[in-house]
Protein chains: 2
Amino acid sequence: MAPAEPHLTARLRSARLEQILRERICLLDYPPGVKLSEEALAGEFGMSRTPLRRVLARLEATGLLQSVHGVGTFVTDVADAELDRIYALRIELAILAARLEPRPPAPPLLARFREIATRARDLPAGPETPRAFARLILDFSAAQSELSGNQPLMEMTGHLHGQTARIWLHALTQPEDGPRLDLAEEIAIFAREAEDVRDALEIPDLEAAAAIHRAHVSMSFRRLQERRAQGRPD
Amino acid sequence: MAPAEPHLTARLRSARLEQILRERICLLDYPPGVKLSEEALAGEFGMSRTPLRRVLARLEATGLLQSVHGVGTFVTDVADAELDRIYALRIELAILAARLEPRPPAPPLLARFREIATRARDLPAGPETPRAFARLILDFSAAQSELSGNQPLMEMTGHLHGQTARIWLHALTQPEDGPRLDLAEEIAIFAREAEDVRDALEIPDLEAAAAIHRAHVSMSFRRLQERRAQGRPD
DNA sequence: TTTTCCAATGATGTGCACAACGATACCCGA
DNA sequence: TCGGGTATCGTTGTGCACATCATTGGAAAA
């Protein structure tokens, strides 16, 4: 496709590529379990397999990819048991953002939260809805990561979020029994969360915002478990 | 040196190598800021630069290394500000191990804690003391990571521990003003912690063990800050 | 018809030669 | 003697050819 810039620093080129691939995975352009082709990706980005493999190795270290000799490079899936553990951890970490170096949002950041809230409410229905929803969730997570100055904490919550959100959304859009009904419901719930968090940040009450988010992570986890229980007795 | 096994699976070989390098970094065989040679490492492990670079990329993704084009590959140092943040986070995470899927230690694990406690008390004084102490701390961290079934949490605490412990120990053994006095004091304190945690685990009271550890992380952080304040007014 | 073996295929892993880059030391001119 | 520009060297980054592995399909034997 587009070889991007013909010549940028090697370091920036690889960082850029890593970000692009990470987004594609989180936006479900590459759903869990899918096989990627090193050669195809190298061709798409106008480089050799060697530097591409370096990027893939980094993504493998963060748990988003897994390479198997002679078979292929796969986007990782997350087993139910581990998903449960990540959710349990996210619930605990949600409050820490307000306790460790909370940073009241500056006007530009507040504007981002407002934009996310309105975008969530006006999310258009259609075949592109899942991807738009995924993008929305990604943006929300990115905005949240600026609410605390504790970078290691925000990196971890962001990482865990990326691991769970894509699996969660993938399960939602896979029409096992309830096809799109769940998705519409989840979108409405997320819109409420975005609005509530926005309102809390306008005060600004960071602890309230964190508590709201924590509650939603917890409830989202419960709904996922219910959905699992429904899907099993088939 | 020793090319290890002449032929093992590629995946295992690289995982093994990554573990070895990670240990060398955490045991301060490769102190923060030191420059590594890709060619020398490749030669030592009997492989080409290509697979070695794959391992280095993974270590770079976890923040232990940093490669700079045309300059070298360096063991990362951690700035004071970030070290503070990691400590603050570790203090909060310490209690979670007892709250999320606590696992009472089986007899073999208990034996490991006992061994660590006695080894800490009988730590021989000498030129090899810092390395033996680093090994002790590493083993203690590894044993602790089995006290909870929540794997993502234990991975994170382990990762954060590796990031802080090596910097902390390096600062201790660098004779800026108080040469080895601090080290001996820290060893004694650690020995007390290991004994207290061991006693709590014999009950077994995992919450007490976590609280003890949390207290020691917090106090260790305070001592580090004091030491910093002492070092500055030179 | 079924089973077994093997060859072909496509993927990732490895080694090597060269390019690109940054730091350093040196030389030349003022 | 000092300053600046340049050449050289060491190191990481890239491209390519090949090795290695796992799967799959088909052919041959039971």
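Just so you know, these numbers use all the heavy atoms, side chains as well, and skip hydrogens, waters and symmetry mates. Letters A, B, ... are given to chains in the order of the sequence lines, protein chains preceding strands, and every chain is numbered from 1.
- Contact of the A:Leu224 side chain with the A:Asp84 side chain is not registered, since no non-hydrogen atoms from C-beta on lie closer than 4.5 Å.
- Rounded to an integer number of Å, the gap from CG of A:Leu52 to P of D:dC16 is 14 Å.
- Applying the 3.5 Å distance criterion, the base of D:dC16 shares a donor-acceptor pair with the side chain of A:Thr50.
- Between B:Ile137 and B:Trp168, the closest side-chain pair of non-hydrogen atoms falls below 4.5 Å.
- A salt bridge does not link B:Arg166 with B:Glu23: none of the charged nitrogens is closer than 4.0 Å to a carboxylate oxygen.
- For B:Arg16, the CZ atom sits in a loose shell: 12 or fewer heavy atoms of surrounding residues, nucleotides or ligands are nearer than 6.0 Å.
- Two residues, B:Ala10 and A:Thr9, neighbour DNA chain C, and the one matched to the more 5' nucleotide by heavy-atom proximity is B:Ala10.
- Side-chain contact, A:Ser67 with B:Arg11: no donor N or O sits under 3.5 Å from an acceptor N or O.
- Looking at B:Thr129, its side chain does come within 3.5 Å of a backbone N or O of B:Pro124 through a donor-acceptor pair.
- In the helix from C:dT1-D:dA30 to C:dA30-D:dT1, the end axes, each obtained as the rotation axis mapping the C1' atoms of four pairs onto the next four within a five-pair block, lie 10° apart to the nearest 10 degrees.
- Between A:Glu60 and B:Arg54, at least one side-chain N (NZ, or NE/NH1/NH2) sits under 4.0 Å from a carboxylate O, which counts as a salt bridge.
- Computed from coordinates, the B:Leu12 CG to D:dC21 C1' distance equals 14 Å when rounded to whole Å.
- Of the charged side-chain nitrogens involved, none lies within less than 4.0 Å of a carboxylate oxygen, so that B:Asp139 and B:Arg112 do not count as a salt-bridged pair.
- Judged as a side chain to side chain donor-acceptor pair (under 3.5 Å), and not counting sequence neighbours, the contacts of B:Arg90 are B:His161, B:Thr164.
- Here B:Asp77 pairs with nothing under the salt bridge (Lys or Arg N to Asp or Glu O under 4.0 Å) rule; sequence neighbours left out.
- Applying a 4.0 Å cut-off to non-hydrogen atoms, the residues of residues 53-61 of chain B that approach DNA chain D are B:Arg53, listed by residue number.
- Between B:Glu226 and B:Arg222 there is no salt bridge, since no side-chain nitrogen of the basic residue lies less than 4.0 Å from a carboxylate oxygen of the acidic one.
- In the region residues 64-78 of chain A, proximity to DNA chain D at under 4.0 angstrom, judged on heavy atoms, holds for A:His69, A:Gly70, A:Val71.
- The nearest whole Å value for the distance from the CZ atom in B:Arg49 to the C1' atom in D:dT11 is 8 Å.
- Residue-environment remark: CD (B:Glu115) exceeds the threshold of 12 foreign heavy atoms within 6.0 Å.
- Contacts between residues 30-42 of chain B and DNA chain D, defined by a heavy-atom separation below 4.0 Å, involve B:Lys35, B:Leu36, B:Glu38, listed by number.
- Between A:Arg49 and A:Glu39 there is no salt bridge, since none of the side-chain N atoms of the basic residue sits less than 4.0 Å from a carboxylate O of the acidic one.
- Put simply, CZ on B:Arg11 is 16 Å from C1' on D:dT20, counting in whole angstrom units.
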